[in-house]
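In what follows, a structure is listed as structure tokens, so that the remarks can point back to it.
Predicted model only: the values in this text are computed from it and were never measured. Scope of the values below: all heavy atoms of this structure, side chains included, with no hydrogens, waters or symmetry mates.
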Amino acid sequence: MRDKKSSRVVYLIYITLLFIFFYLPIVVMMVFSFNSSKSLTNMTGFSLRWYSRLISDGSIMRAVYVSLTIAIFATIISVILGTITAIGLSKSRRVMKETILNINNLPIMNPDIVTAIGLMILFSSAMIAKGYMTMLLAHIAFCTPYVITSVYPKVRQLDPSLADAAMDLGATPFEALTKVIIPMLRDGIYAGILLAFTMSFDDFVISYFVTGNGVENISITVYNMTKRTNPTINALSTIVILVIAILLIVSRLLPAMLKATMKKIMAVALALLIGFTTFAGIKSNGRTLRIFISGEYLDPEIVEDFEKKYDCDIILETFDSNESMYTKLMSGSEYDILVTSDYMIERLIKEKELQPLNWDNIPNKDSLDPANMGYPFDPDNTYSVPYFVGTVGILYDTNVVDEADLEEGWELLRNPKYAGDIYMYDSERDSFMIALKSLGYSMNTTDKEEIKEAYDWLIDQRETMDVVYVGDDVMDNMISGNKSIAVVYSGDGAYIMAENEDLDYFDPEEGTNEWCDAMVMTKDCLDTELAEEFMNYMLEYDVVYQNSIFVGYTTPVAEVRDDFKVEEYDGIESYTPVFGAPNNEIFRYQDEELRAYYSDLWTKVKAY
């Protein structure tokens, strides 16, 4: 008896720990959605500011609308198609049945990225403009196989003579289907509905590659928000979780009510379809500007102000990296303005994807700092208008790191005193830049022997220093003081220092990556006048000031940079990158062979 009680206690403890492991992160996230500060790990007080910002942020509300409508329509259509297919398979010959079922399993077993690229190429080849409709078609395509998989086992359990019996009793074929067959498949259909809705509502990868025209769902919007520390994500996630929990409770307690209101749900879905038509309708009158930019890199209020001032519409689409931007551009997606980085601009120039600017239409060019003009990727600024600039340097805790050790420059990252206390930025080119600069080489070297030495430097660092490679989460980790040293972009360093006064930043004397993100105009841009008006607008003092506060990076507009004294971003004032330092360089274009060589070595560094 004691053994049974002991086993039960152990079992209860196990289940409790399991649920804590699953749900504690969700509870923590919900608690921090009420945090008064921007920190995602340090609770400073109760506030509803992030919920207020969520409600007032039009882009998030549009994303919620897109996610819900896409999920509803994709679920309805895929359930109809999947159910009809499953019933049809039951009447098919064995060879046909097995062939179709095997084909049906392909999109289920395929990695999402493979399906996404395939659909993207399909839509581009068919000259279908990417947007709401392509996203809907893609969701129907990947949801339908799951419905078939859910419904078909139930079809196999049916007595094949049921439909014949119903028709012998006077039912029409349609009545036999809707009043006899489908009701008996109810459990499988409900499972297909839940699976299809969940898959559609959650999807990110496929949606990211097949959308366009400024249409984004929740997953894409949240992913772009993670480019900067944005607690609005917590508020949005909390609301989604609560809504799902309420729906689950209602579905358990009031199943009869849900069944009775199914027709009303269908009516609401049709109303949403009408709303979608209004939402996604093509505006034939008026000017439109299509901008492709990194997530969280442009204040939405600036976009709205420009639309009002110039009586136009801006379609803003975001990307997560220069490489994914290039992939979408090459797949046939069309944009007017790109905001991208130095080496990518050089590549686009070489491939003739950009068109020259008429600087006479950009009179605010005089506000740009000459030190941020004439970079090697575009020496005469024929194609590019600087947007944000900065460097890559070392952020450190002044209470832990000895000031004398800073003289070591990049070798500080291999100082045994700080083993296990360092974040490296998870970037192939910047990591090799650090090693190459520490060894006294150019960060744009094409000498494979020098690159191999840099690889050995990085391997040695991993062996001796136990460094952690991180992405944008370095910001909150350093704000919270989880480690004492981190490699960061100067703009991120400024933001972090504004939140943690114990930190400081420096650029090693060996030189560093002096980067420049710029606005460029694509060869497909039709309204070049509007595009240049936007570029000129983005150089106005008040606009630059506002956008710099929103993003937190260093502006190339000298007057704003000199006047930047904003309490919320004290870090920007405390450190301004030194542009044009003797050993600083800017990344240059790499040919395919060199990129492959770097990529192979980087894979080994990360896997070590």
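Listed by chain and number, the residues in a ring-ring contact (aromatic ring centres under 6.0 Å, His included) with F46 are F34 (sequence neighbours excluded). Residues forming a ring-ring contact (aromatic ring centres under 6.0 Å, His included) with Y326 (at least two apart in sequence, or on another chain): none.
Proximity of a side-chain donor or acceptor of D369 to a complementary backbone N or O of N372 within less than 3.5 Å is not detected. A donor-acceptor pair is defined here as one N or O able to donate and one able to accept, closer than 3.5 Å; no such pair exists between the side chain of S52 and the backbone of L48. Judged purely by atom type and a 3.5 angstrom limit, S442 uses its side chain to pair as donor or acceptor with the backbone of N444. Judged by distance alone, the side chain of D380 and the main-chain N or O of T382 form no donor-acceptor pair under 3.5 Å. Judged purely by atom type and a 3.5 angstrom limit, N513 has no side-chain atom pairing as donor or acceptor with the backbone of T391. The backbone N or O of S324 sits less than 3.5 Å from a side-chain atom of S321, completing a donor-acceptor pair.
More than 12 heavy-atom neighbours from other residues, nucleotides or ligands sit within 6.0 angstrom of CD on E463. Other residues, nucleotides and ligands place no more than 12 heavy atoms under 6.0 Å from the NZ atom of K350. Within 6.0 Å of CD in E301 there are 12 or fewer heavy atoms belonging to other residues, nucleotides or ligands.
Side-chain contact of N536 with N364: a donor-acceptor pair under 3.5 Å is present, judged by distance alone. Between D421 and S484, the side chains place a donor N or O and an acceptor N or O closer than 3.5 Å (distance only, hydrogens not considered). Side-chain contact of Y489 with D430: a donor-acceptor pair under 3.5 Å is present, judged by distance alone. With 3.5 Å as the limit, one finds a donor-acceptor pair spanning the side chains of S384 and D378.
For the pair K448 and Y597, the distance from NZ or CZ to the six-membered ring centre is under 6.0 Å and the angle to the ring normal is within 45 degrees. Note that K328 lies in the cation-pi zone of Y208, set by a 6.0 Å cut-off to the ring centre and a 45° limit from the axis.
Looking at heavy atoms from C-beta onward, M521 lies in side-chain contact with L357 at the 4.5 angstrom threshold. The side-chain heavy atoms of M29 and T238, taken from C-beta on, include a pair separated by under 4.5 Å. Residues Y589 and I349 form no side-chain contact, since every pair of their non-hydrogen atoms from C-beta on lies 4.5 Å or further apart. The side-chain heavy atoms of D542 and Q546, taken from C-beta on, include no pair separated by under 4.5 Å. Counting heavy atoms from C-beta outward, E585 and M433 have side chains that stay 4.5 Å or more apart. D112 has its side chain out of reach of F204: every pair of non-hydrogen atoms, C-beta onward, lies at least 4.5 Å apart. Counting heavy atoms from C-beta outward, K606 and W602 have side chains that approach closer than 4.5 Å. A heavy-atom distance below 4.5 Å is not found between the side chains of V543 and F306.
Of all non-hydrogen atoms in E307 and I314, the two that sit nearest each other are OE2-N, 2.8 Å. A235 approaches S33 most closely through the heavy-atom pair N-CB, 3.7 Å. The nearest pair of heavy atoms linking D342 to W515 is OD2-CA, 3.4 Å. The two residues V385 and W359 come nearest to each other via the heavy atoms CG2-CH2, 3.5 Å. Here the closest non-hydrogen pair linking L298 and V303 is CD2-CG2, 3.5 Å. Looking at every heavy atom in both residues, P508 comes nearest to G393 through CD-CA, 4.5 Å.
Rounded to the nearest 0.5 Å, atoms CG (N415) and CD (E408) are 4.5 Å apart. Atoms CG and CG, from D502 and N399 in turn, are 4.5 Å apart once rounded to the nearest 0.5 Å.
E323 and R429 are not joined by a salt bridge, as no carboxylate oxygen comes within less than 4.0 angstrom of a charged side-chain nitrogen. Salt-bridge annotation for R414 and E411: present, with a side-chain N of the basic residue lying under 4.0 Å from a carboxylate O of the acidic one.
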Original post:
Yes or no on ring-ring contact (aromatic ring centres under 6.0 Å, His included) for Y441 and W457, after CA distance, side-chain angles and deciding distance?
Top reply: CA-CA 13 Å; Y441 301 136; W457 191 99; over 10 Å; no
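Checked against D517 for a side chain to side chain donor-acceptor pair (under 3.5 Å), the options Y297, Y553, Y387 give a single hit: Y297.
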